[in-house]
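Worksheet for the structure shown next.
Residue numbers count from 1 along this sequence. Keep in mind that this is a model prediction, so the values were computed, not measured.
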Amino acid sequence: MDYGNQTLLTELILVGLTQNLKARISLSFLFLFLYIMIILGNGFLIFTVIVSPQLHTPMYYFLCNLSFIDLGFTTCNVPKLLHDIFFNTGIISVVGCLTQMILSLFLGMTECILLAVMAFDRYIAICSPLRYTLIMSWRVCNCTTVIMWGVSLILALIPIIMKPFVFCKGNILNHVACEILVVMELACGDLSSLEMHMFFQSFFVLVTPLVFIVVSYICIIASLLLISSALSRSKAFSTCASHLTVVIMFYGGTITIGSTDPNNLKYISLIYGFVTPTMNPFIYSLRNNEVKEAFKKVLSKYSVK
């Protein structure tokens with residue numbers, strides 16, 4: 001198909017949530033409050049792990065990666081969202097939109113793989129505790145992290161490389177951010193190869209890690225049932241409870257988004273995009289005595305006297 005006569009778009013328009021002034025003011029304060037909570041919560045968790053020697057373990061190393069992803073994902077989307085709500089504008093450049101889309105894909109896929117890595121860490125800690133330091137050495141953790149981030153970045157760039165986006169179906173995006181499924185609706189040409197790629201990519205970064213997590217926890221539960229002491233069993237499972245909660249929230253939100261009507265997708269995406277990053281630091285701090293003790297020591301040490 002010839003797109004030579006098509007006007008080259010340089011800007012797209014995000015529809016946003018509402019045109020009502022009172023609603024926009026309320027939403028801007030709500031989202032700003034949640035964004036500050038995300039920055040403070042995840043930032044303080046990362047700082048606490050860094051300055052607390054007792055938390056220098058693979059489990060908390062990967063937790064810092066999770067908090068960094070939450071900070072990156074929200075910073076990729078929320079400042080633009082706040083700007084659009086406050087000034088009642090949804091204009092975004094095509095380059096800015098594609099950049100936001102790639103970053104969201106990159107961080108989202110990294111989180112999927114990271115959750116599987118964290119499940120493996122808990123599996124080794126409970127099922128093979130004597131070999132834990134050997135298997136989960138710092139060299140293994142660092143290599144795993146580099147591979148995880150590198151693979152996610154490559155996968156995020158493939159859609160742009162495979163099919164450079166040319167927009168000829170208007171410039172209105174019924175969303176609050178540039179997500180790939182919404183952006184593809186405006187793209188020209190045959191997208192079947194890209195859609196097939198997205199299907200297999202989703203299977204690789206969503207289904208495969210989920211299966212790995214489920215298998216890991218089946219093995220963990222089987223090992224816990226062999227522990228005779230109820231106290232020891234409860235203590236062992238408590239180290240997994242926080243991670244399991246985050247997994248349920250992440251995949252629950254992902255499944256909900258995947259099965260939601262396109263017209264309501266932006267509302268579900270907003271809830272998912274704010275709730276999970278806000279709750280993660282609280283989940284790991286409230287359910288983990290080590291983190292709570294480290295928090296107290298940090299507050300005591302660095303508080304203004």
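With hydrogens and angles disregarded, a donor-acceptor distance shorter than 3.5 Å links the side chain of Asn42 to the backbone of Pro277. Side chain of Asn65 to backbone of Tyr61: a donor-acceptor contact under 3.5 angstrom is found. At distances below 3.5 Å, at least one donor-acceptor pair connects side-chain atoms of Ser93 with backbone N or O atoms of Gly96. Put simply, the side chain of Arg24 gets close to the backbone of Ile85: a donor and an acceptor are under 3.5 Å apart. A donor-acceptor pair is defined here as one N or O able to donate and one able to accept, closer than 3.5 Å; no such pair exists between the side chain of His197 and the backbone of Pro159. Looking only at distances, a side-chain donor or acceptor of His56 sits under 3.5 Å from a matching main-chain atom of Val49.
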**Request:** Output, in order, the C-alpha distance, side-chain angles, deciding distance and verdict of disulfide bond (SG atoms under 2.5 Å apart) for Cys219 and Cys127.
**Result:** CA-CA 8 Å; Cys219 295; Cys127 299; over 6 Å; no
**Intermediate values then yes/no, side chain to side chain donor-acceptor pair (under 3.5 Å), Thr75 and Tyr35** = CA-CA 8 Å; Thr75 301; Tyr35 184 46; 3.0 Å; yes
**Message:** Go through it in stages, so that I can follow the logic: the residues are Phe62 and Met136, the test is side-chain contact (heavy atoms from CB on, under 4.5 Å), and I'd like the CA-CA distance, side-chain angles, deciding distance and then a yes or no.
**Reply:** CA-CA 11 Å; Phe62 291 124; Met136 300 302 296; 3.8 Å; yes
**Request:** Tell me, with the steps shown, if Leu155 and Phe106 meet side-chain contact (heavy atoms from CB on, under 4.5 Å).
**Result:** CA-CA 7 Å; Leu155 290 175; Phe106 169 47; over 6 Å; no
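Residues passing the side-chain contact (heavy atoms from CB on, under 4.5 Å) test with Ser202 are Leu206, sequence neighbours excluded. For Ser192, the side-chain hydrogen bond (donor to acceptor under 3.5 Å, both in side chains) partners two or more places apart in sequence, or in a different chain, are Asp190. By the side-chain contact (heavy atoms from CB on, under 4.5 Å) test, Met37 pairs with Phe33, Thr278, Phe282, sequence neighbours left out. Contacts of Glu11 classified as salt bridge (Lys or Arg N to Asp or Glu O under 4.0 Å), with partners at least two apart in sequence or in another chain: none. Checked against side-chain contact (heavy atoms from CB on, under 4.5 Å), Thr57 has the following partners two or more places apart in sequence or in another chain: Met59, Tyr60.
Of the listed residues (Thr133, Val140, Ile135), just one forms a side-chain contact (heavy atoms from CB on, under 4.5 Å) with Ser137, and that residue is Val140. Trp149 pairs in a side-chain contact (heavy atoms from CB on, under 4.5 Å) with only one of the listed residues (Ile113, Leu114, Ile69, Ile154), which is Ile69.
The 12-atom threshold is not exceeded at OH of Tyr123, counting heavy atoms of other residues, nucleotides or ligands nearer than 6.0 Å. Heavy-atom neighbours of Tyr132 OH from other residues, nucleotides or ligands within 6.0 Å: above the threshold of 12. Atom CZ of Phe44 is surrounded by more than 12 heavy atoms from other residues, nucleotides or ligands within 6.0 Å.
Nearest heavy atom pair, residue Asp70 against residue Glu111, reads OD1-OE1, 4.0 Å. Contact detail for Leu71 and Ile38: the closest heavy-atom pair is CD2-O, 3.7 Å. Looking at every heavy atom in both residues, Cys97 comes nearest to Leu173 through SG-CD1, 3.9 Å. Residue Leu45 comes nearest to Pro281 through the heavy atom pair CD2-CA, 4.1 Å, listed as atom of the first residue, atom of the second, then distance.
Note on Val117 and Phe212: same hydrophobic cluster, where clusters join Ile, Leu, Val, Met, Phe, Trp and Tyr whose side-chain heavy atoms are under 4.5 Å apart, directly or indirectly. Following chains of ILVMFWY side-chain contacts shorter than 4.5 Å, one can reach Leu210 starting from Met249, so the two form part of one hydrophobic cluster. Linking ILVMFWY side-chain heavy atoms closer than 4.5 Å, directly or via other members, places Met109 and Val211 in two distinct hydrophobic clusters. Hydrophobic cluster membership is shared by Leu81 and Leu30, with clusters built from Ile, Leu, Val, Met, Phe, Trp and Tyr side chains linked at under 4.5 angstrom. Under the 4.5 Å side-chain contact rule for hydrophobic residues, Phe203 and Val205 do not share a cluster.
Note that the NE2 atom of His175 and the OG atom of Ser269 stand 3.5 Å from one another [nearest 0.5 Å]. Rounded to the nearest 0.5 Å, atoms CG (Leu224) and CG (Leu226) are 8.5 Å apart. Taking CD1 from Ile180 and CD1 from Ile160, the interatomic distance works out to 7.0 Å, rounded to the nearest 0.5 Å.
Judged as a ring-ring contact (aromatic ring centres under 6.0 Å, His included), the pairs with a partner in residues 69-91 (not counting sequence neighbours) are, in order, His83-Phe87.
Aromatic ring centroids of Tyr217 and His243 lie under 6.0 Å apart.
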